K.L.:
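First the structure, which I've put down as structure tokens, then a few questions once you've had a look.
Predicted, not measured: the structure shown is a model, and the values here were computed from it.
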Amino acid sequence: MVLQLFGSPVSTCTKRVAVVLREKKVPFELHPINLASREQKSPEYLAKQPFGQVPYIVDDGFVLYESRAICRYIAAKYAHQGTPLLPSSSDLKTIALFEQAASIEQNSFEPYASKCGMEKVIFPRLGLTTNQEAYDQAHQTLDMKLAVYDQILGKQKYLAGDELTIVDLFHISWGVLLKAGGSDIMESKPNLARQVWWIEITSRPAWVAVKDGVQSVEKY
């Protein structure tokens, strides 16, 4: 049975999962969840995802939520098809560097990029007022964090080393909202903007296919 993806077609975390599914050439059926009507808080949804957030998947009866966990699961289960997205080596140091990169994205990028995206893009779409002070603080902190990214990417192609991993892809869905909110911060550091990182990962066909909304994929 084809993998089932439950989420909003335009949510950042649903897009994160869809990118990895497409990179791994995994067919899936999208079940659109209406966030505006708070469908994610319905008893039926909470029975699968008790935190009431999107997305979750059902894979042959196996239910999994949290987008990063889903992406790891997909990348591991389908390791031998599509784009390799996990460390190919069993070397402990390679794995440790991958986990280091994963920690960097989750702790030094997303909290600040998501805050900027919420304040400048998501809140206005919902008719809410932007907290400029909160945005400025998050943007300033992110700028400092990206200065360190620039140092790292001056020495290697990707965040975990010289091979693309899911960690690089994790940055995309919130990163593109920075520009949508009027910031060029992702292009402001030379090693971030160079062809083999930000420009490269946001030009990948898997992202181009979902950037305007996730759709089901019947087969490859």
Side-chain angles (χ1 to χ4, degrees), residues 1-33 49 54-106 109-110 153 156-176 186 192 194-220:
M1 184 176 180
V2 68
L3 184 145
Q4 310 291 301
L5 173 62
F6 294 77
S8 166
V10 296
S11 85
T12 54
C13 291
T14 304
K15 288 180 180 181
R16 174 181 288 155
V17 171
V19 165
V20 173
L21 285 166
R22 284 181 168 273
E23 289 282 357
K24 299 305 293 181
K25 306 298 183 186
V26 179
F28 66 94
E29 181 180 358
L30 176 71
H31 296 263
I33 301 300
Q49 215 294 14
V54 293
Y56 74 85
I57 64 167
V58 179
D59 185 24
D60 196 24
F62 174 60
V63 178
L64 185 65
Y65 52 86
E66 293 297 331
S67 62
R68 291 179 182 82
I70 296 170
C71 291
R72 284 174 177 259
Y73 169 76
I74 294 164
K77 180 175 180 178
Y78 299 97
H80 301 297
Q81 72 183 56
T83 307
L85 293 176
L86 291 174
S88 57
S89 172
S90 60
D91 179 69
L92 182 61
K93 292 180 180 178
T94 301
I95 296 171
L97 289 171
F98 169 79
E99 294 298 344
Q100 174 180 268
S103 181
I104 291 170
E105 183 274 330
Q106 190 164 10
F109 179 80
E110 170 138 339
L153 292 167
Q156 58 198 46
K157 291 182 180 179
Y158 301 101
L159 199 57
D162 286 330
E163 301 293 334
L164 177 76
T165 70
I166 55 175
V167 172
D168 300 290
L169 303 180
F170 286 173
H171 292 77
I172 301 176
S173 55
W174 279 115
V176 297
M186 297 303 294
L192 265 70
R194 62 190 169 88
Q195 186 65 24
V196 290
W197 201 69
W198 185 245
I199 294 174
E200 191 272 333
I201 62 176
T202 55
S203 299
R204 296 186 68 83
W207 170 251
V208 174
V210 306
K211 66 183 181 68
D212 294 323
V214 178
Q215 296 182 353
S216 300
V217 178
E218 292 185 3
K219 62 180 180 179
Y220 285 97

K.L.:
Please report the shortest heavy-atom distance between Pro87 and Thr94, naming the atom on each side.
P.N.:
CB-CG2, 3.9 Å

K.L.:
Between the side chain of Asp162 and the main-chain N/O of Gln156, is any donor-acceptor distance below 3.5 Å?
P.N.:
no

K.L.:
Side chains of Leu164 and Thr83: does their closest heavy-atom pair fall under 4.5 Å?
P.N.:
yes

K.L.:
Could you tell me the separation between the NZ atom of Lys157 and the CH2 atom of Trp197, rounded to the nearest 0.5 Å?
P.N.:
15.5 Å

K.L.:
I'd like to know if the side chain of Asp168 and the backbone of Leu159 have a donor-acceptor N/O pair within less than 3.5 Å.
P.N.:
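Yes, because the side chain of Asp168 sits within donor-acceptor range (under 3.5 Å) of the backbone of Leu159.
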
K.L.:
Taking it one step at a time, do Arg68 and Glu105 satisfy salt bridge (Lys or Arg N to Asp or Glu O under 4.0 Å)?
P.N.:
CA-CA 11 Å; Arg68 291 179 182 82; Glu105 183 274 330; 3.0 Å; yes

K.L.:
Testing the basics here: between Val167 and His171, what is the closest heavy-atom pair and its distance to 0.1 Å?
P.N.:
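Val167 and His171 have their closest heavy atoms at O-ND1, 2.8 Å.
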
K.L.:
Going by atom types alone, do Thr14 and Ser11 pair a side-chain donor with an acceptor below 3.5 Å?
P.N.:
yes

K.L.:
Decide if atom CD of Glu163 counts as having more than 12 heavy atoms of other residues, nucleotides or ligands within a radius under 6.0 Å.
P.N.:
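For Glu163, atom CD is not crowded (no more than 12 foreign heavy atoms under 6.0 Å).
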
K.L.:
Keeping the roles fixed (side chain from Lys24, backbone from Tyr78), state whether a donor-acceptor pair exists under 3.5 Å.
P.N.:
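Yes, Lys24 side chain to Tyr78 backbone: donor-acceptor pair under 3.5 Å.
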
K.L.:
Below 4.5 Å, heavy atoms only, C-beta onward: do Ile166 and Phe98 meet side chain to side chain?
P.N.:
yes

K.L.:
Would you indicate whether Gln81, at its atom CD, is surrounded by more than 12 heavy atoms from other residues, nucleotides or ligands within a distance under 6.0 Å?
P.N.:
yes

K.L.:
Do Ser216 and Glu29 have side chains that get closer than 4.5 Å, going by heavy atoms?
P.N.:
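Answer yes - side chains close enough.
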
K.L.:
Show your working on side-chain contact (heavy atoms from CB on, under 4.5 Å) between Glu110 and Phe170 and close with a plain yes or no.
P.N.:
CA-CA 9 Å; Glu110 170 138 339; Phe170 286 173; over 6 Å; no

K.L.:
Apply side-chain contact (heavy atoms from CB on, under 4.5 Å) to the pair Tyr220 and Arg22, showing each step before the final yes or no.
P.N.:
CA-CA 9 Å; Tyr220 285 97; Arg22 284 181 168 273; 3.3 Å; yes

K.L.:
Given side chains that start at C-beta, do those of Gln100 and Leu97 come closer than 4.5 Å, heavy atoms only?
P.N.:
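Of all side-chain heavy-atom pairs linking Leu97 with Gln100, at least one is under 4.5 Å.
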
K.L.:
Take Tyr73 and Phe62 through the ring-ring contact (aromatic ring centres under 6.0 Å, His included) test and state the conclusion after the steps.
P.N.:
CA-CA 11 Å; Tyr73 169 76; Phe62 174 60; 5.2 Å; yes

K.L.:
Could you check whether any side-chain heavy atom of Val17 comes within less than 4.5 Å of a side-chain heavy atom of Ile74, counting everything from C-beta outward?
P.N.:
yes

K.L.:
Atom OH in Tyr65, atom CD in Gln49: separation rounded to 0.5 Å?
P.N.:
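CD of Gln49 is found 6.0 Å from OH of Tyr65.
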
K.L.:
What's the spacing between Gln4 CD and Asp60 CG if we round to 0.5 Å?
P.N.:
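Reported value, rounded in 0.5 Å steps: 10.5 Å.
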
K.L.:
Which heavy atom in Ile199 sits nearest to a heavy atom in Thr202, and how many Å separate them?
P.N.:
O-OG1, 3.4 Å

K.L.:
Determine the minimum heavy-atom distance between Val210 and Ala18, stating which atoms define it.
P.N.:
CG1-CB, 3.9 Å

K.L.:
Just so I know, are the side chains of Lys15 and Trp174 near enough to count as touching, which here means a heavy-atom distance under 4.5 Å?
P.N.:
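They are not in side-chain contact.
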
K.L.:
Check whether any side-chain heavy atom of Lys211 sits under 4.5 Å from a side-chain heavy atom of Val176, and report yes or no.
P.N.:
no

K.L.:
Ignoring hydrogens, what is the shortest heavy-atom contact between Leu86 and Arg72? Give both atom names and the distance.
P.N.:
CD1-O, 4.1 Å

K.L.:
First locate atom CZ of Arg16, then atom CG of Leu21, and finally report the distance between them rounded to the nearest 0.5 Å.
P.N.:
13.5 Å

K.L.:
Parallel, tilted or perpendicular: which describes the rings of Phe6 and Tyr56, with under 30° parallel and over 60° perpendicular?
P.N.:
parallel

K.L.:
With a 4.5 Å limit on heavy-atom distance, are the side chains of Ile70 and Val20 in contact?
P.N.:
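Of all side-chain heavy-atom pairs linking Val20 with Ile70, none is under 4.5 Å.
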
K.L.:
At their closest point, which heavy atom of Leu5 faces which heavy atom of Pro55, and how far apart are they?
P.N.:
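Shortest heavy-atom contact: CD1-CB, 3.8 Å.
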
K.L.:
Before you tell me yes or no, could you show the steps for Leu3 and Ile57 under side-chain contact (heavy atoms from CB on, under 4.5 Å), namely the whole-Å CA-CA distance, both residues' side-chain angles and the distance that decides it to 0.1 Å?
P.N.:
CA-CA 7 Å; Leu3 184 145; Ile57 64 167; 4.0 Å; yes

K.L.:
Measuring from atom CZ of Phe28 to atom CG of Asp59, what distance do you get when rounded to the nearest 0.5 angstrom?
P.N.:
13.0 Å

